[in-house]
Q: 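Input: one structure, supplied below.
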Protein chains: 4
Amino acid sequence: MSGADATATDADAHDADAEYTAGVIGGTGFAGGELLRLLAGHPDFSIVQATSRSAANKTVGSVHPNLRSLDLRFTEPSDLESVDVLFAATPHGVSMERIDAYFEAADTVVDLSADFRLPSAELYDEWYEGHDAPEYLERAEYALPELNRENLAGADLIAGGGCNATATILGLKPLVDEGILGPETGEVVVDVKVGSSEGGAGGGAASSHPERSGVVRPYAPISHRHEAEIGAYLGLDVSFTVHAVDMVRGASATCHVFPDGPVSKGDLWGAYRGAYEDEPFMRLVSGGGGVYRYPEPKAVAGTNAGEVGFELDASNKRVVVFSAIDNMMKGSAGQAVHAANVALGLEETAGLEFQGLHPVGSP
Amino acid sequence: MSGADATATDADAHDADAEYTAGVIGGTGFAGGELLRLLAGHPDFSIVQATSRSAANKTVGSVHPNLRSLDLRFTEPSDLESVDVLFAATPHGVSMERIDAYFEAADTVVDLSADFRLPSAELYDEWYEGHDAPEYLERAEYALPELNRENLAGADLIAGGGCNATATILGLKPLVDEGILGPETGEVVVDVKVGSSEGGAGGGAASSHPERSGVVRPYAPISHRHEAEIGAYLGLDVSFTVHAVDMVRGASATCHVFPDGPVSKGDLWGAYRGAYEDEPFMRLVSGGGGVYRYPEPKAVAGTNAGEVGFELDASNKRVVVFSAIDNMMKGSAGQAVHAANVALGLEETAGLEFQGLHPVGSP
Amino acid sequence: MSGADATATDADAHDADAEYTAGVIGGTGFAGGELLRLLAGHPDFSIVQATSRSAANKTVGSVHPNLRSLDLRFTEPSDLESVDVLFAATPHGVSMERIDAYFEAADTVVDLSADFRLPSAELYDEWYEGHDAPEYLERAEYALPELNRENLAGADLIAGGGCNATATILGLKPLVDEGILGPETGEVVVDVKVGSSEGGAGGGAASSHPERSGVVRPYAPISHRHEAEIGAYLGLDVSFTVHAVDMVRGASATCHVFPDGPVSKGDLWGAYRGAYEDEPFMRLVSGGGGVYRYPEPKAVAGTNAGEVGFELDASNKRVVVFSAIDNMMKGSAGQAVHAANVALGLEETAGLEFQGLHPVGSP
Amino acid sequence: MSGADATATDADAHDADAEYTAGVIGGTGFAGGELLRLLAGHPDFSIVQATSRSAANKTVGSVHPNLRSLDLRFTEPSDLESVDVLFAATPHGVSMERIDAYFEAADTVVDLSADFRLPSAELYDEWYEGHDAPEYLERAEYALPELNRENLAGADLIAGGGCNATATILGLKPLVDEGILGPETGEVVVDVKVGSSEGGAGGGAASSHPERSGVVRPYAPISHRHEAEIGAYLGLDVSFTVHAVDMVRGASATCHVFPDGPVSKGDLWGAYRGAYEDEPFMRLVSGGGGVYRYPEPKAVAGTNAGEVGFELDASNKRVVVFSAIDNMMKGSAGQAVHAANVALGLEETAGLEFQGLHPVGSP
């Protein structure tokens, strides 16, 4: 038995056999909770510390009910313990202020905010506001192994991608790699649908259940900041629109693409197979029978998997690409753990083995 | 009191003061149920008959629980009573077979299926299969008053539009009217999100609650038949993709439009105001504060209202148009009653006064 | 056309033909919004004023998107205009402070809070805190016409019932009237399931969409204040537990009742028919075929209907009673308008004719 | 990469290092899919066969999209391969017909249907219909380790409990063990709320998304067959009512209990701690702060955990007990694997380590 009153525990935060120690900054947020879940189940990490300003001294399970069995209490973020790897899951702007302190406490820093995910201060200024620690921007490696595996090996500052950008990049990268898409080709329209967890644990009036249930709500019709990442890492200007729909987890990007010349289904299968056949977390889902014939957030909920698929609209030479991830996992905490595995030379799938559920509602 | 055991009734199907008699073919389907609700509350119609193959002799309320107070039983579809207006809400293909019988029973026929909504047999053959009664195609008037009000006046065969086409046409028509969009301008990507009621009362494995809950599912990635209507009535080829999302009612079309030349926000406001300022059911919703800043299906659920709005993406000259309707109402039964009101010269809003609910979940 | 930028309007707040003027205090809340919807469509009321502290000078439609066509702006609550009937939909505690001012502005006051719904200051003190205007408690009439129609006629202070209490009272009253249930009979367990709108427009962490979606959450396991009303008006002590479930509107009370002696199905049908056969809003739903065989909140969503039904568990002499209402309507704003209709001698169903929707999701 | 077109695979159905071979009968159902997920991740089992009448020769992933990476195809159920443990997840009635064939193929049979879960043919006849293989009833052991751990060790026929019975038994057993509840004490009302997965993969009209969304639907008001298990294994007659609510996974039992004499909170804490302090899957959740203060299906979704908690309603001496499980896991497939672990002497938590998600919607 475990719980609020538990003295025993079955989930093991402090794993004496683990090779690496880890800390989590911002452990009460949704991404922080997922980091704690993943690290607690990771064979190579022992969690030394989880910080929270609002819930210091409370158990992790009092905030994240799935972790009621975890024997760990939040501590104040001001007192960082020494760890091998520090994961930061704070709101945008916090990590750039504290990055020096992070590196005093840890050899490797994995930051899930937007603070280090753009490659230059200029680009950062264009989409956000002034950067407090621009000297770290070049040092940071974008956390998506499917895009940046080689540079992640041995990296000491890892910057997690935005969830909507991640879904889009995973969907379009194979077309860019094969030259089917590029700066010179036609319009790229990316129409994204996301769940309510993207708004974070805080929420506001628009996130309250009566207002947020059942929506198809254009919440970022234009000028979404994740366009900056897509431009920086794919070299594409995309027309990007994000809608809130009624699910908690998940990001689904539908990319409407107009290549310059003729493209065949074979070209497309070749591009996607070539890009992802050795990727442990990528699934190519396109057609076939049954209920689940294309990528769907439901099918990957709770997992680090990414699904991509496509159709070719012969009449007007459009390729429609579908890409689905769990925004909290492949789009945030899972991506961060995957990148840390790559950086440290661990098994890439370590701690990320959960296969997801069927059936599952609005996960 | 009323109900399964009721002898009294408070909703009045047979309204002796009403000017017109009405019949509903296919009354057990979702659109048929909405027709019965609307006609029962309509001051100018008295319901004489509601047919159903599967539920003959059962009360309407045994199928549509909101109509438990309605004193009306389904009858076999083979015996049609004489009425002024016959509304047909059967699956595609039924009305074209029975259209002569319909006109023997009624002066005016309003068909909600796809059977008469395309203007020529050639176009019908291209998107569906062979037409059994092509001689009626030219006689039929497309039911959308915002597009076709003049021709609807006095029409005796009215063909309801497809719900996704309706949302798209309402969103793009002002731009076409103003020449901002046309056959010569750039790509038009229409990304539609629809609720589960679009699949009808039958449903299948994909519509079962465990599989359908929480989805973002590409169910018509390409080649959706509603493209034909958009082409026929707007003169536009659109790149059209439909997703199932977790709501029951609603269709939301996001149209990504790339005009040839520069367009200003003022041009856009002008186009939409010009098109809709005298329309009783259209609302222009664009920006402003609060939670509901753009069109949303929730805001029109249960009503015949249509909401349209837009944003201008200056950097790449994209206009993003949002259009939201209740697919069962403005996209089906409400549109049909509105068209009948126009055809008969009644008050356009008669029977369609319901203002919708707030808050409302997944209506 | 209407909307944020509308100059014209199709919904008529100010109805010159209406017999009575009305004001709404607390118009930004969910109940306030429903009052505005109902009164705008009511043939006998013209809305003179809607107040809001937080949204003064904003349009009603900027808060309640279904009312975007309503030509009305919120005003400060400090300046009350003279009206015939003042509806107050403020949080508990406000009306008891301002009740004298209300009566200076209006002849009739209908209060939807808990402030006047208990018959004595002693009982109020037991369940809430001290009452500021106990002299009004006896003057106030409980708003449920099915319970209190005679006293409501001509009443000038009307106190709306609690939504959970209303569902329970409607379910159990016929059994009390027939002596099947009473203070001397056995346990009465009432297990209520409610939607998120019951938490109001404010909400908190527990009401945020990620936390509130998909819940079966005991939010008032014991000691819910609505027990006081049930005791006061039915003379029953009930064991009362309220759960939050995933819907926005609706309250469903399942009452497990153990009469002292043998009861037959005929007795039960007799009790319910006797109680409700002349009630315009009550439906008796028990058994029969199809999907909707018992009372369900979905079937009454948006309406002022109440559904009750029952089963008899022969083996252990338990009667299970089901009662379903829309908590915002029969449980709040609809009940208030119904009571005002009775008080003023109007048609009881005036303004409350909406029949609800099918299909409908989580309304 | 993996998927419909995958040649490689990352999830390992055939695990050469595993000690035991396993087969799954009825692999296309929801419980069958969960068995396949759990066994594929179980260190001690290698899946040799998964049968399906409807999907023979198709990949497991074509039915269960979370298992798209699993390299396994369904086979016809008529050809059973020899395995150590055979898990049967077929509809009620199938296993009792085929039980001899099962034992020809396997040493140990774990049946998830109702066929062997009651201890006598008489009791079976009372609640179901005639039993085809009554000689196995005594041999079968009820699969719930918290109730029956000692007898499960070494058992060769294991009968999975019903999900609603499991939730109820877990909630009430500590009170029965301590004599707080018994055949002589007062009424026990059990009000259960379940998700749509309980209806299975087939579904019908009542399970279609438009009808099933947002419901609070009494689907088994009286005479639910799970009462038989509760009577047989707890010795209690309970008044049992089951409601469908809007979630996919989960069963939540609220038990309203009226002990004969006075009970203190300390007695209750003592009873629950005593019963469950050594149980690896049980969590005692009662009070405390935050959003999740009582058992909730969301908090255990996807896991084999069971949560129980309680409140004491001093005024009327009622104890309200809350019990929450995932009906597909602790209420079905997880319970089966847990029981098999106990029967074979494996680590009890093997293959059942997943900790669940936060946030999660309607899992």
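Below, chain A is the first sequence line, B the second, and so on; all start at residue 1.
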Q: Quick check for you: among A/Thr349, A/Val63, A/Val248, which has the greatest number of heavy-atom pairs under 4.5 Å with chain D?
A: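 The residue among A/Thr349, A/Val63, A/Val248 with the greatest pair count is A/Val248.
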
Q: Quick check on A/Phe354 against chain D: is it the side chain, the backbone, both or neither that has a heavy atom closer than 4.5 Å?
A: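 Contact with chain D: side chain only.
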
Q: Which region of A/Val360, side chain (C-beta onward) or backbone (N, CA, C, O), has a non-hydrogen atom less than 4.5 Å from a non-hydrogen atom of chain D, or is it both or neither?
A: both

Q: Looking at residues at least two apart in the chain, or sitting in another chain, which of them share a side chain to side chain donor-acceptor pair (under 3.5 Å) with D/Glu198?
A: D/Asn164, D/Tyr219

Q: When heavy-atom pairs shorter than 4.5 Å are enumerated against chain D, which of A/Lys298, A/Glu353, A/Glu307, A/Met328 gives the highest number?
A: A/Glu307

Q: Locate the shortest heavy-atom distance separating D/Arg68 from A/Tyr292; write the atom from each residue and the value.
A: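 Shortest heavy-atom separation between D/Arg68 and A/Tyr292 comes out as NH2-O, 2.5 Å.
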
Q: Using every non-hydrogen atom in the two residues, find where D/Gln355 and A/Ser69 come nearest and quote the distance to one decimal.
A: OE1-CB, 4.5 Å

Q: With a 3.5 Å distance limit and no angle check, can you tell me whether A/Arg249 reaches the backbone of D/Pro359 through a side-chain donor-acceptor pair?
A: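 Yes; judged by distance alone, with no hydrogens or angles, the pair exists.
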
Q: Identify, with sequence neighbours excluded, every residue that meets side chain to side chain donor-acceptor pair (under 3.5 Å) alongside A/Ser197.
A: A/Asn327

Q: Identify which of D/Gly289, D/Ala201, D/Ala305, D/Gly361 forms the greatest number of heavy-atom pairs closer than 4.5 Å to chain A.
A: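 With the most close heavy-atom pairs to chain A, the winner is D/Gly361.
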
Q: Of all heavy-atom pairs between A/Leu357 and D/Glu34, which one has the smallest distance, and what is that distance?
A: CD2-OE2, 3.9 Å

